[in-house]
2 protein chains.
Amino acid sequence: MLKIGIAEDDPKIAALLKSALEENDYQVLTVANGIDALDLFSSESFNLLIIDVMMPGLNGIQLCKHLRENTVQTPILMLTAMGTIDDKVTGLEAGADDYLVKPFHLKELLARTAALLRRQPPIEAKTDHKFYFDDLVLDTYSKEVSRGGKIIELSAKEFVLLELFMRNPNRLLSRQFIAEQAWDISFETGTNVIDVYINFLRKKIEKDFERKLIHTKINMGYILK
Amino acid sequence: MLKIGIAEDDPKIAALLKSALEENDYQVLTVANGIDALDLFSSESFNLLIIDVMMPGLNGIQLCKHLRENTVQTPILMLTAMGTIDDKVTGLEAGADDYLVKPFHLKELLARTAALLRRQPPIEAKTDHKFYFDDLVLDTYSKEVSRGGKIIELSAKEFVLLELFMRNPNRLLSRQFIAEQAWDISFETGTNVIDVYINFLRKKIEKDFERKLIHTKINMGYILK
DNA sequence: CATCCATTTTAATCTTGTTTTAAGATGAGA
DNA sequence: TCTCATCTTAAAACAAGATTAAAATGGATG
């Protein structure tokens with residue numbers, strides 16, 4: 001069952017929303033202020049959050065920002081008071097996915113709710129943006145890498161580095177180039193991070209496999225081939 | 001400074017994007033319809049184009065196609081309305097590099113913008129990184145050399161030296177010139193590195209083959225012919 | 001705020017191969 | 001034949017990269 005969290009300080013509106021949504025077979029939890037909302041929405045996982053902009057303590061915008069900063073990805077529907085047109089911009093900027101101006105018809109709320117929930121599985125639709133090389137697959141959306149069908153766990157930096165190679169197959173990449181692209185350093189530092197990370201990558205993507213993919217060209221750089 | 005062009009007919013969204021991007025130190029130019037966009041994007045050069053699909057006159061897909069036909073290679077980020085999932089496919093087919101479904105988080109826009117800008121044109125792969133002489137091929141992209149289809153492994157210095165010859169076929173290269181170009185030494189040192197490396201090269205690229213390619217001109221230098 | 005854990009970076013060592021030096025051999029031209 | 005430039009080879013000097021461990025960093029958690 002799909003689970004919806006509501007942050008709304010007006011008890012009448014909160015009750016109205018709750019009953020309307022429950023009638024449509026959603027499971028609903030409500031909180032009456034921003035602080036409680038932050039606690040609840042951060043600790044439990046929801047399919048959708050409905051947040052009122054005007055709340056005592058922590059308002060909807062601030063709440064929204066905090067949640068996004070805590071990497072909460074749940075779709076957020078923002079409820080704004082009429083007249084505050086700029087709330088739309090601010091709300092979206094803070095990380096909301098849609099907004100609704102009060103007063104609204106319950107019908108519209110239900111429609112938008114359904115739309116947002118329907119939009120959740122677009123992760124499946126995002127099957128593009130994959131790079132293939134030999135039996136290695138790198139997906140820039142899910143940030144997943146696999147070789148021969150077997151998922152390989154990479155850290156952020158490891159992923160960025162491998163992505164660079166996958167975007168430039170059969171091209172020799174100098175350390176200088178790699179440093180600029182993956183580490184944003186253009187000057188000469190005495191570091192050997194790149195070597196270390198090449199080593200990390202090799203351990204993860206080559207160790208248990210037959211073919212080597214990342215080759216060293218001494219005094220030149222590395223090449224994926 | 002990196003320059004971004006935006007084609008968006010909704011002035012509010014356009015302003016929002018502009019200010020967000022400018023805050024991140026991009027230079028931004030906006031146009032409000034497809035026709036103007038085609039004019040501007042064709043005449044001035046940008047590092048990235050952000051194009052809304054829905055626009056009066058010329059829509060984003062058409063604009064994208066026209067630009068690509070005019071050999072504009074700039075990365076394009078397409079903005080599509082919610083729900084029109086197929087726009088994604090159409091957009092990418094028309095030549096866009098990425099797409100973003102409205103409404104979106106500014107954070108995500110900025111992330112994708114950065115990603116697209118970081119990505120350098122892999123189109124480079126197609127053009128002239130290859131030098132040919134007789135049956136010898138030198139590829140500056142992969143740093144590979146082959147003769148008669150057979151791969152030849154060269155060290156960095158050997159490669160640089162051969163590249164010098166391949167860039168100057170049928171030209172007599174003095175030791176002085178070679179020293180300056182390949183070793184960055186302009187003064188007279190008592191070294192014989194060049195002779196030694198010519199010998200290394202000959203062993204690798206001539207030993208197993210019929211025709212000699214590097215010829216000695218006593219008291220003058222060497223020539224590839 | 002203190003602690004934990006994973007990630008990222010630095011540093012040091014070891015191995016390997018490249019680059020350079022040096023010196024004797026070869027060969028071309030006078 | 002003699003001389004000098006070039007070729008060849010081997011060894012020395014050097015630097016690059018692999019690898020490992022340890023230190024620093026940065027979130028997450030209580």
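Here is the naming used below: chain letters follow the sequence lines, and residue numbers restart at 1 for every chain.
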For this session: May I have the distance from B/Ile194 (atom CD1) to C/dA22 (atom P), rounded to whole angstrom?
Result: 16 Å
For this session: Working to the nearest 0.5 Å, report the span between CD of A/Glu163 and NZ of A/Lys143.
Result: 5.5 Å
For this session: Quantify the bending of the helix from C/dC1-D/dG30 to C/dA30-D/dT1 as the angle between its end axes, each fitted on five pairs, to 10°.
Result: 30°
Exercise. Counting just side-chain N and O atoms, does B/Thr191 come under 4.0 Å of either OP1 or OP2 of C/dT21?
Worked result: yes
Problem set entry | Criterion salt bridge (charged side-chain N to carboxylate O under 4.0 Å, His left out) on B/Arg211 and B/Glu206, from CA distance to verdict | CA-CA 7 Å; B/Arg211 291 181 297 283; B/Glu206 295 181 341; over 6 Å; no
Problem set entry | Spacing of A/Leu213 atom CG and A/Met166 atom CE [to the nearest 0.5 Å] | 8.5 Å
Exercise. Would one find a side-chain N or O of B/Ser155 under 4.0 angstrom from OP1 or OP2 of C/dG17?
Worked result: no
Problem set entry | Rounded distance (Å) that lies between atom P of C/dT10 and atom CH2 of A/Trp183 | 11 Å
Exercise. Quick check: does any side chain N or O of A/Arg202 sit under 3.5 Å from a backbone N or O of A/Ile214, one acting as donor and the other as acceptor?
Worked result: yes
Exercise. Can you tell me how far C1' of C/dT20 sits from CG of B/Asp184, to the nearest Å?
Worked result: 16 Å
For this session: Mark yes or no for whether A/Glu22, through its side chain, and A/Ser19, through its backbone, hold a donor-acceptor pair below 3.5 Å.
Result: no
Exercise. If only atom types and distance count, is the side chain of A/Ser174 paired as donor or acceptor with the main-chain N or O of A/Phe177 below 3.5 Å?
Worked result: yes
Exercise. Within the side chain of A/Lys217, is there an N or O that forms a donor-acceptor pair under 3.5 Å with the backbone of A/Leu172?
Worked result: no
Exercise. When rounded to the nearest 0.5 angstrom, what distance separates CG in A/Leu138 from CZ in A/Arg147?
Worked result: 13.5 Å
Exercise. How close or far is atom P of D/dA28 from atom CG of A/Leu38, stated in whole angstroms?
Worked result: 13 Å
Exercise. In residues 157-169 of chain B, what residues come within less than 4.0 Å of DNA chain D, judged by heavy atoms?
Worked result: none
Exercise. For A/Asn192 and D/dA22, what is the distance between atoms CG and C1' respectively, to the nearest whole Å?
Worked result: 13 Å
Exercise. Does OP1 or OP2 of D/dA18 have a side-chain N or O of A/Tyr222 closer than 4.0 Å?
Worked result: yes
Problem set entry | Interface residues of residues 197-218 of chain B with DNA chain C (non-hydrogen, below 4.0 angstrom) | B/Tyr197, B/Phe200
Problem set entry | Backbone of A/Lys3 reached by a side-chain donor or acceptor of A/Asn47 within 3.5 Å | yes
For this session: To the nearest Å, give me how far apart CG (B/Asp195) and P (C/dG24) are.
Result: 17 Å
Exercise. How close or far is atom C1' of D/dT3 from atom CG of B/Asn219, stated in whole angstroms?
Worked result: 12 Å
Seminar exercise, completed: Winner on side-chain proximity to A/Val196, out of C/dT10, D/dC7, C/dT18, is C/dT10
Seminar exercise, completed: Separation between CG (B/Leu17) and OH (B/Tyr26), nearest 0.5 Å, reads 13.0 Å
Exercise. Looking at A/Val160, A/Leu173, A/Val193, which one forms a side-chain contact (heavy atoms from CB on, under 4.5 Å) with A/Ile178?
Worked result: A/Leu173
Problem set entry | Nearest-Å distance for atom pair CE/C1', residues A/Met220 and C/dG17 | 14 Å
Exercise. Backbone N or O of B/Tyr222 within a donor-acceptor pair of the B/His215 side chain at under 3.5 Å?
Worked result: no
Problem set entry | B/Arg175 side-chain N/O to D/dT6 phosphate OP1/OP2 under 4.0 Å | yes
